Student: 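Mind having a look at this structure? Questions to follow.
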There are 2 protein chains.
Amino acid sequence: MSSQPPHPPRPKSAEATKQAILAAARKRFLEESYESVGLRDISRDVGVDVALVSRYFGSKEGLFRDVVRGTRKKDILPPDLPAEEIAGYLAKLFLAEGDDANENVERLLIILRSASSPAASQVVSEALRNDVLIPFAQSIGGKSPEVRASTSMAVWMGMTIMRTVMAVKPVCERSPEIEARLRALFETALSETNR
Amino acid sequence: MSSQPPHPPRPKSAEATKQAILAAARKRFLEESYESVGLRDISRDVGVDVALVSRYFGSKEGLFRDVVRGTRKKDILPPDLPAEEIAGYLAKLFLAEGDDANENVERLLIILRSASSPAASQVVSEALRNDVLIPFAQSIGGKSPEVRASTSMAVWMGMTIMRTVMAVKPVCERSPEIEARLRALFETALSETNR
DNA sequence: ATGCAGTGTCAACACCTGTAGACATAGTGT
DNA sequence: ACACTATGTCTACAGGTGTTGACACTGCAT
């Protein structure tokens with residue numbers, strides 16, 4: 001889509017092409033599972049030989065690890081968000097256009113896509129725990145935060161599957177009704193009462 | 001696990017070995033994604049040559065299709081279940097031991113595991129829609145049943161990921177608290193009010 | 001016993017995968 | 001202009017994939 005015709009001559013900077021490979025790999029892993037993405041696909045996207053990938057990242061698993069970690073920056077929630085607005089914020093974030101997509105949102109999709117690939121499962125579940133669940137649990141506070149954080153992420157993942165992976169039409173629209181439903185789900189997931 | 005030592009002499013019945021292959025394949029696809037499962041793994045489990053798999057099922061995709069379709073029997077819900085008990089039923093079903101596991105539950109896990117594998121995605125999303133979403137939406141009734149059914153399945157899938165695929169500890173237990181939380185989530189997903 | 005169809009095995013194919021080492025080329029400092 | 005290092009390409013390997021056609025065996029009917 002981006003560069004089927006011969007590639008523009010790339011400046012010979014190791015760091016630059018490494019980043020280019022990383023970006024191409026991220027785009028691929030965002031759309032397919034770990035094993036269905038070939039190193040040759042990625043290198044072709046960048047316009048570079050396959051060998052470079054193994055050279056710069058050691059192995060396919062190493063590349064995937066770097067992709068998943070990404071720039072390991074900010075938390076999921078803005079630091080000053082009051083507790084009762086978390087659900088609404090998550091619902092809005094979930095439906096935000098891909099253009100200004102949060103990096104954590106993409107990370108979650110990558111994690112989801114390769115979750116059942118044995119070679120990637122360790123990387124993936126560690127990243128989910130360390131980079132998502134634990135920080136998120138810390139920022140929500142309250143009673144049994146791990147359970148509530150995990151449950152919220154379950155809702156997130158499940159809705160992502162239905163929309164992005166399976167393309168189930170009824171929940172694919174970006175309507176106020178869907179947003180309200182999402183918010184309600186997150187509220188339930190975050191609720192501190194056991195009912 | 002079952003048959004590493006030389007296999008007991010299998011009676012030469014085509015139908016029987018075809019079913020044996022199907023069963024072995026189902027077990028494999030239940031634990032890994034489409035492309036990480038090799039036909040040789042399956043045939044080795046059965047104690048049979050690889051060639052038989054392609055012979056009996058045409059192709060790997062054909063085998064996978066047969067696995068996903070399974071015995072395409074019963075609906076998800078018991079036919080006489082009152083609407084207000086659906087959520088509780090789903091929660092109990094979700095936590096039911098693997099021993100008496102519903103076949104639909106396993107089908108959903110297989111669907112989930114191979115959802116991001118391009119070669120399987122068509123089979124998988126068709127099966128989800130035709131064998132799960134549509135019948136489920138029909139049996140719940142009420143307003144916008146497709147949305148509510150899809151949302152419920154999103155909760156199911158998300159919790160399955162957290163528990164089975166990612167092994168996230170806090171939600172892995174089979175406690176009354178988790179069951180209550182699940183029931184609350186399903187109630188929210190099935191609710192007819194937009195809040 | 002003889003033929004015959006059902007059942008399974010063997011060997012090989014063509015292709016693809018990740019990885020590694022030897023080689024070519026470009027860019028830079030001297 | 002030279003050499004040197006960084007950067008990228010080429011070739012090849014060892015192993016794995018799904019798939020196919022020819023072959024061997026078994027069991028049953030004649």
Side-chain angles (χ1 to χ4, degrees), chain A residues 3 6-26 28-29 32-68 114 116-123, chain B residues 3 6-26 28-29 32-68 114 116-123:
Chain A
S3 41
H7 290 264
R10 96 170 13 264
K12 287 198 146 192
S13 148
E15 191 56 30
T17 59
K18 191 175 174 184
Q19 293 306 320
I21 292 175
L22 210 61
R26 211 181 62 159
R28 289 277 182 178
F29 286 128
E32 289 177 18
S33 68
Y34 178 81
E35 31 230 342
S36 59
V37 173
L39 295 188
R40 283 170 176 82
D41 302 330
I42 298 172
S43 71
R44 207 175 303 124
D45 289 346
V46 183
V48 121
D49 193 274
V50 208
L52 267 197
V53 183
S54 290
R55 250 248 258 294
Y56 284 158
F57 297 92
S59 67
K60 185 183 184 181
E61 197 178 330
L63 169 63
F64 183 74
R65 192 185 335 264
D66 283 14
V67 167
V68 165
S114 295
S116 288
S117 303
S121 70
Q122 192 192 340
V123 173
Chain B
S3 40
H7 290 265
R10 91 172 16 267
K12 287 195 145 193
S13 148
E15 192 55 30
T17 59
K18 191 174 173 184
Q19 293 306 321
I21 292 175
L22 211 60
R26 212 180 61 160
R28 289 276 181 178
F29 287 128
E32 289 177 19
S33 70
Y34 178 81
E35 30 230 342
S36 58
V37 172
L39 294 189
R40 283 170 176 82
D41 302 330
I42 297 172
S43 71
R44 208 175 303 125
D45 288 346
V46 183
V48 122
D49 193 275
V50 208
L52 268 197
V53 183
S54 290
R55 249 249 258 294
Y56 284 157
F57 297 92
S59 65
K60 184 184 183 180
E61 197 178 331
L63 169 63
F64 182 74
R65 192 187 334 264
D66 283 13
V67 166
V68 164
S114 295
S116 288
S117 302
S121 69
Q122 193 191 340
V123 172

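All heavy atoms count here, side chains included; hydrogens, waters and symmetry mates do not. Residue numbers start from 1 in every chain, and the chains themselves are labelled A, B, ... in the order their sequence lines are given, proteins ahead of strands. What you see is a predicted model, and the numbers here were worked out from it, not measured in a lab.
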Student: Would you indicate whether the side-chain heavy atoms of Leu63(A) and Leu22(A) approach each other to under 4.5 Å?
Tutor: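 Touching, per the 4.5 Å side-chain cut-off.
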Student: What is the distance, rounded to the nearest whole Å, between atom CZ of Phe64(B) and atom P of dT19(D)?
Tutor: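 Answer to the nearest Å: 14 Å.
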Student: Using only modelled atom types and a 3.5 angstrom limit, is any donor from either the side chain of Arg40(A) or the base of dG18(C) paired with an acceptor on the other?
Tutor: yes
Student: Over how many whole Å does the gap from Ile42(A) atom CD1 to dT19(C) atom P extend?
Tutor: 11 Å
Student: On DNA chain C, compare the nucleotides closest to Arg55(A) and Val37(A); which residue's is nearer the 5' end?
Tutor: Val37(A)
Student: Can you tell me the distance, in whole Å, between the CG atom of Leu52(B) and the P atom of dG8(C)?
Tutor: 6 Å
Student: In whole Å, what is the span from the CG atom of Asp49(B) to the P atom of dG18(D)?
Tutor: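 Answer to the nearest Å: 13 Å.
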Student: When rounded to the nearest 0.5 angstrom, what distance separates CD in Gln19(B) from CD in Glu15(B)?
Tutor: 5.0 Å
Student: Can you tell me how far P of dT17(D) sits from NZ of Lys60(B), to the nearest Å?
Tutor: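 Rounded to whole Å, this separation is 8 Å.
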Student: In Å, rounded to the nearest 0.5 Å, how long is the span from CD1 of Ile21(A) to CZ of Arg26(A)?
Tutor: 15.0 Å
Student: Whole-Å distance between dG18(C) P and Arg65(A) CZ?
Tutor: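 Atom-to-atom, Arg65(A) to dG18(C), this comes out as 16 Å.
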Student: Of the candidate nucleotides dG18(D), dT20(D), dT9(D), which contains the atom at the shortest distance from the side chain of Leu39(B)?
Tutor: dG18(D)
Student: In Å and rounded to the nearest 0.5 Å, what is the CZ to CG distance from Arg55(B) to Asp49(B)?
Tutor: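 Here the interatomic distance stands at 9.5 Å.
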Student: To the nearest angstrom, how far is Arg44(A) atom CZ from dC10(D) atom C1'?
Tutor: 16 Å
Student: Would you say Ser43(A) and Leu52(A) make side-chain contact, with heavy atoms under 4.5 Å?
Tutor: no
Student: Under 4.0 Å: is that the gap between some side-chain N or O of Tyr56(A) and OP1 or OP2 of dT7(D)?
Tutor: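 For dT7(D), neither OP1 nor OP2 has a side-chain N or O of Tyr56(A) closer than 4.0 Å.
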Student: Measure the angle between the two terminal helix axes of the helix from dA1(C)-dT30(D) to dT30(C)-dA1(D), five base pairs each, and quote it to 10°.
Tutor: 20°
Student: Toward the 5' end of DNA chain C, which comes first, Ser59(A) or Val50(B), by nearest nucleotide?
Tutor: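 Nearest-nucleotide comparison on DNA chain C picks Val50(B).
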Student: Would you kindly give the CG-to-P distance between Asp41(A) and dG18(C), to the nearest whole Å?
Tutor: 8 Å
Student: Does anything in residues 33-56 of chain A pair up under ring pair (Phe, Tyr, Trp, His ring centres under 6.0 Å), and if so which pairs, sequence neighbours excluded?
Tutor: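 Matches after skipping sequence neighbours: Tyr34(A)-Phe64(A).
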Student: Among Ser117(B), Ser121(B), Ser116(B), Pro118(B), find the residue that satisfies the side-chain contact (heavy atoms from CB on, under 4.5 Å) test when tested with Glu32(A).
Tutor: Pro118(B)
Student: With a 4.0 Å limit, can you tell me whether Thr17(B) has a side-chain N or O closer than that to the phosphate oxygens OP1/OP2 of dG8(C)?
Tutor: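 Answer yes for this pair, as a side-chain N or O of Thr17(B) is under 4.0 Å from OP1 or OP2.
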Student: Please pick, from dT19(D), dT9(C), dT9(D), the nucleotide with the shortest atom-to-atom distance to any side-chain atom of Ser54(B).
Tutor: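 That would be dT19(D).
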